[in-house]
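Have a look at the structure below, then the notes.
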Amino acid sequence: MFTNLEKCPRNLLVCEKSCFLNEKSRHDIHVAKHYFNYKVSVLIPECGVIPSRLRSVVNGFTKYYLVRDLPVYKLLEEEFLEKVASKGSIYALSYNTKIDQDNTIALLPTGQLILSVDKDTYEELGLEGQVSEYNHRQPMRYVVTIDVTSKSVALGTKRYKRAMWALKEKMPLRSDFLLARHNIAGDEEGALQSFLSQHNCKELRPSVSIQTLKDLPCPSLDPASLRGGGELCDPHQFLEWLGAVTIGVKCDNEASNFVSTYCCPEPQGSISQALLCTVTGLLLPEDIHSLLEELRRYFDEPKFTSWLSVTVHGFADSPISWGTTEHGYHKGGENFYSFVVFKNQDYWLHMGTGTNDGCPP
Amino acid sequence: MAVFIDLNISHTTDKKRLQDIIETAAHLGFSTVAINHVVDLQQKKQEIGKPKSVSELFDQFPIVQGKSRPIKVLNRLTVVVSEASHFRPTNEFKSYDIIAVFPKTEKLFHAACMSFDVDIICIAVTEKQPFHFKRPPVNGAIDRGVFFEISYVPAIKDSTMRRYTISNALSLMETCKGKNVIVSSGAEKPLELRGPYDIANLGLLFGLSEGDAKAAVSTNCRAVLLHGETRKTALGIIHTMKKIQPTMEGQEEDNAPAVKRAKMEAV
Amino acid sequence: MQPTDKMEESAIYERRVFKNASVYHYMKIALILENEDKRMNAAHFKQLIISALKDLYGEIGAAFPFDVLKFEENTLTAVLRVYNSGLVKLWSALTLLGSYQNEPCAVQVKQVSPFLLALSGNSRELELD
Amino acid sequence: MVRFKSRYLLCEVCVSDQSSLQLLDDRTVFSAVKAAVCHAHGDYGAALCSLSFAVKYLNAHTGVVFLRCRKSHYRLIWSALPFITSLESRGQRVPCFFNCLHIGGTIRTCQKFLIRYNTQQLHRMLRHCHTEAERLEVRRAVMSCSLKSRGKEEEEEEEEFEEEEEEWGEVV
């Protein structure tokens with residue numbers, strides 16, 4: 001009746017089916033390119049106690065730092081680049097900044113510094129950038145990418161100096177940052193520590209929470225049938241169920257119920273217990289990769305379940321989602337992916353994004 | 001997109017309540033609010049006074065939810081005019097960051113759109129719009145960078161007013177095509193405030209598109225602030241008010257450079 | 001709405017892209033009552049929303065189903081599920097809801113998403129201080 | 001200048017007792033339709049409907065009513081009409097229902113439809129006539145209709161003539 005009120009913002013879901021053993025499988029690339037992860041939750045059916053190896057992986061997630069009021073140019077200084085960034089992969093994301101309102105800054109392990117800034121800041125900065133894809137009527141947001149690994153903006157070049165000048169004197173941008181580094185090898189902690197010691201900073205550990213869920217209805221999955229069809233549930237129904245389990249929604253309502261009619265999709269089985277393990281913080285793709293590897297090994301020994309799942313949520317206010325695809329926030333900033341790992345090393349990968357976001361890779 | 005702004009918090013002499021409202025606004029994610037002083041010159045004993053400096057309100061302004069910055073508070077004056085003689089800019093006007101006008105007749109609406117030196121024109125939400133919006137004045141206002149304001153709080157409080165709000169808003173949108181519209185609260189109590197995304201969604205009921213609706217609580221409000229700034233600084237060309245009127249220095253410090261300050265603090 | 005098949009690289013590889021294929025939207029909301037001692041259960045809560053919808057959209061306009069997937073009586077927070085076509089209507093009715101049993105109230109919408117799964121990981125809820 | 005496009009709903013108020021139609025006036029119909037829209041579509045529907053909604057014509061003899069509204073939401077009013085079960089007029093409740101005969105973009109197209117419709121009705125009446133005098137009268141009425149509808153040559157009406165034909169003849 002009110003057609004103008006019946007539309008709703010667009011969303012995308014990309015589903016892939018492949019096998020970890022397949023050489024061309026791109027699961028590791030998808031993980032590595034999703035730089036800023038906020039939360040990961042693992043659901044293992046028919047498991048009451050967390051396996052010790054999994055526990056140690058989860059507890060071994062890299063610590064991260066909350067750096068207060070950091071001038072952005074510090075992330076471009078020669079000393080930082082050479083001593084801190086080059087000796088491992090560094091991730092930094094401005095904290096408490098909203099991508100649809102404020103200036104948001106991200107430093108990627110590839111060496112790119114991405115500044116998603118409002119019009120005023122952009123004009124003040126005077127650096128070359130692109131208009132954000134998610135503007136309305138007039139451009140109000142711009143994206144400036146400074147890639148110190150590229151030749152034209154390498155240390156000491158004219159453009160590098162200009163970027164430094166712009167961020168240092170023209171428009172001294174500052175922000176709180178979440179910062180973490182994945183060390184490759186050897187002890188390079190010293191350089192990072194000495195960098196951090198110059199600033200007001202707080203060391204944080206990803207927080208882990210473990211729950212055991214009891215008596216869940218659960219949809220039957222067939223690794224060969226990604227899209228569902230026939231009698232099996234489709235990806236959206238499966239993700240809905242996964243979400244329902246994660247946030248504790250009752251899954252066995254009658255269709256005639258007044259309050260809720262939600263029901264686990266058919267055909268369903270039941271799980272007597274399931275382990276739900278959640279880690280929150282600034283989580284590095286490397287850690288998620290090792291978590292995924294560990295979960296694959298879970299099936300080395302015979303288990304009651306034929307599958308398990310791991311879901312990774314990205315930061316809603318990150319300027320990018322996968323790779324350097326611009327990410328925005330319209331009514332929500334969802335960008336997440338979810339693996340379903342099967343006993344036979346097949347996997348499903350679901351990648352979802354909201355309105356102001358590109359298509360997942 | 002710019003930060004979220006609510007340009008209409010009803011002024012009350014009850015300091016505690018005003019603080020509560022501003023705290024709630026900060027909690028909901030508004031980065032800037034304006035305290036609205038309404039003057040209806042038809043009623044006797046109403047005169048435009050200088051607003052209290054906002055710095056008296058809080059020792060420490062509440063932090064905006066999920067940000068590291070405190071909320072910014074501005075002063076706004078709304079003049080209700082039912083006769084042309086009511087709108088006479090005085091010196092007191094200068095102590096407000098934003099000037100709004102609420103024209104009661106079609107003639108005054110025309111004048112407000114075409115010539116009054118204001119930032120905002122209020123649209124009736126508590127009664128049926130007594131005249132039709134004509135295209136020439138509306139376009140004139142858009143060209144001059146003046147914005148139309150719809151307040152949503154009456155729509156929360158009362159069913160009849162809700163109809164007036166929606167129908168007046170729709171009738172405005174038919175003429176202005178969603179351009180130069182801001183949606184603000186007009187809240188007198190903390191519980192009347194709604195979150196910025198909620199208001200953006202509500203904008204769809206007022207006939208705004210998704211993008212226009214979000215702009216109505218963010219980008220457009222920012223434009224109003226800039227307009228208020230240029231009004232005070234001779235179209236933004238000069239900014240020498242402090243020296244011309246040395247007596248007003250203290251006031252200026254508090255109010256005038258609010259937008260400039262906004263820019264600086266956005267860093 | 002059209003799933004597109006990409007070229008199969010191996011016998012087993014499959015990729016599909018779904019655009020706007022989610023039929024539902026999910027909302028995480030909190031009800032705030034002026035009188036904090038007041039209690040309500042899930043059925044009352046849903047009834048309150050239905051009557052708000054009826055006020056704003058009438059018998060026909062409000063005739064669409066939605067589910068209260070989860071309701072916590074202590075915090076008055078809830079997770080709702082609604083068909084896409086009803087999202088704007090439900091949301092605006094919640095926004096314009098101003099009183100419960102003649103006492104002021106307000107509904108805060110915490111998060112809206114086409115994926116229920118996304119409601120379990122909202123980085124805007126991250127507080128490190 | 002952009003014109004706001006309208007839709008005209010041609011309705012027939014059906015009552016059991018024809019004489020009660022005399023009680024109807026514009027305002028009665030207006031408030032009944034408005035109340036029905038409000039019931040069916042709530043405050044939002046009432047707000048939409050209040051934009052340019054009007055009872056353009058009412059024939060208290062035949063119960064024919066013309067309703068005008070914005071093109072964008074004529075379905076809103078249309079869908080509410082079946083919910084009207086009675087009209088309140090001068091303290092009397094008249095049980096009735098609204099039968100929507102035609103929806104047009106201009107009054108003129110509705111007029112043409114109405115003429116055709118009425119001619120059909122008259123032809124139907126002809127068969128039920130008992131006396132010669134009645135028969136003659138109906139024939140005359142039919143003739144007067146066809147005279148009025150000479151506009152048939154101008155096949156399709158352009159929308160520009162929209163408001164011109166406000167005052168249209170006693171076709172019945």
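What you see is a predicted model, and the numbers here were worked out from it, not measured in a lab. In the text below, chain A, chain B and the rest are named by the order of the sequence lines, each starting its count at 1.
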Between D/His41 and D/Ser79, is any side-chain donor less than 3.5 angstrom from a side-chain acceptor?
yes
Contacts satisfying salt bridge (Lys or Arg N to Asp or Glu O under 4.0 Å) that involve residues 112-125 of chain B (not counting sequence neighbours) are B/Asp119-B/Arg231
Between the CG atom in D/Asn118 and the CD atom in D/Gln111, the distance rounded to the nearest 0.5 Å is 11.0 Å
When the 4.5 angstrom heavy-atom criterion is applied to D/Leu51 and chain B, the contacting part is side chain
Taking a cut-off of under 4.5 angstrom between non-hydrogen atoms, the residues of residues 146-156 of chain B near chain D are none
Whatever's closer than 4.5 Å to a heavy atom in chain B on D/Cys49 counts as neither
Has the side chain of D/Arg7 got a donor or acceptor atom that lies under 3.5 Å from a matching backbone atom of D/Ile103? no
Among residues 162-172 of chain B, those lying within the under-4.5 Å heavy-atom range of chain D are B/Arg162, B/Arg163, B/Ile166, B/Ser167, B/Leu170, B/Ser171
B/Phe102 ring centre to B/Lys104 NZ or CZ under 6.0 Å, with the angle to the axis within 45°?
yes
So the salt bridge (Lys or Arg N to Asp or Glu O under 4.0 Å) pairs with at least one residue in residues 94-104 of chain D (sequence neighbours excluded) are none
Legend entry - Backbone of B/Phe116 reached by a side-chain donor or acceptor of B/Arg144 within 3.5 Å: yes
Sidechain-backbone polar pair: B/Asn36 side chain, B/Ser10 backbone, donor-acceptor under 3.5 Å:
no
query = Between the main-chain N or O of D/Ser72 and the side-chain N or O of D/Arg75, is there a donor-acceptor pair closer than 3.5 Å?
reply = no
For this session: Give a yes or no answer on whether the side chain of B/Ser185 reaches the backbone of B/Asn8 with a donor-acceptor pair at less than 3.5 Å.
Result: yes
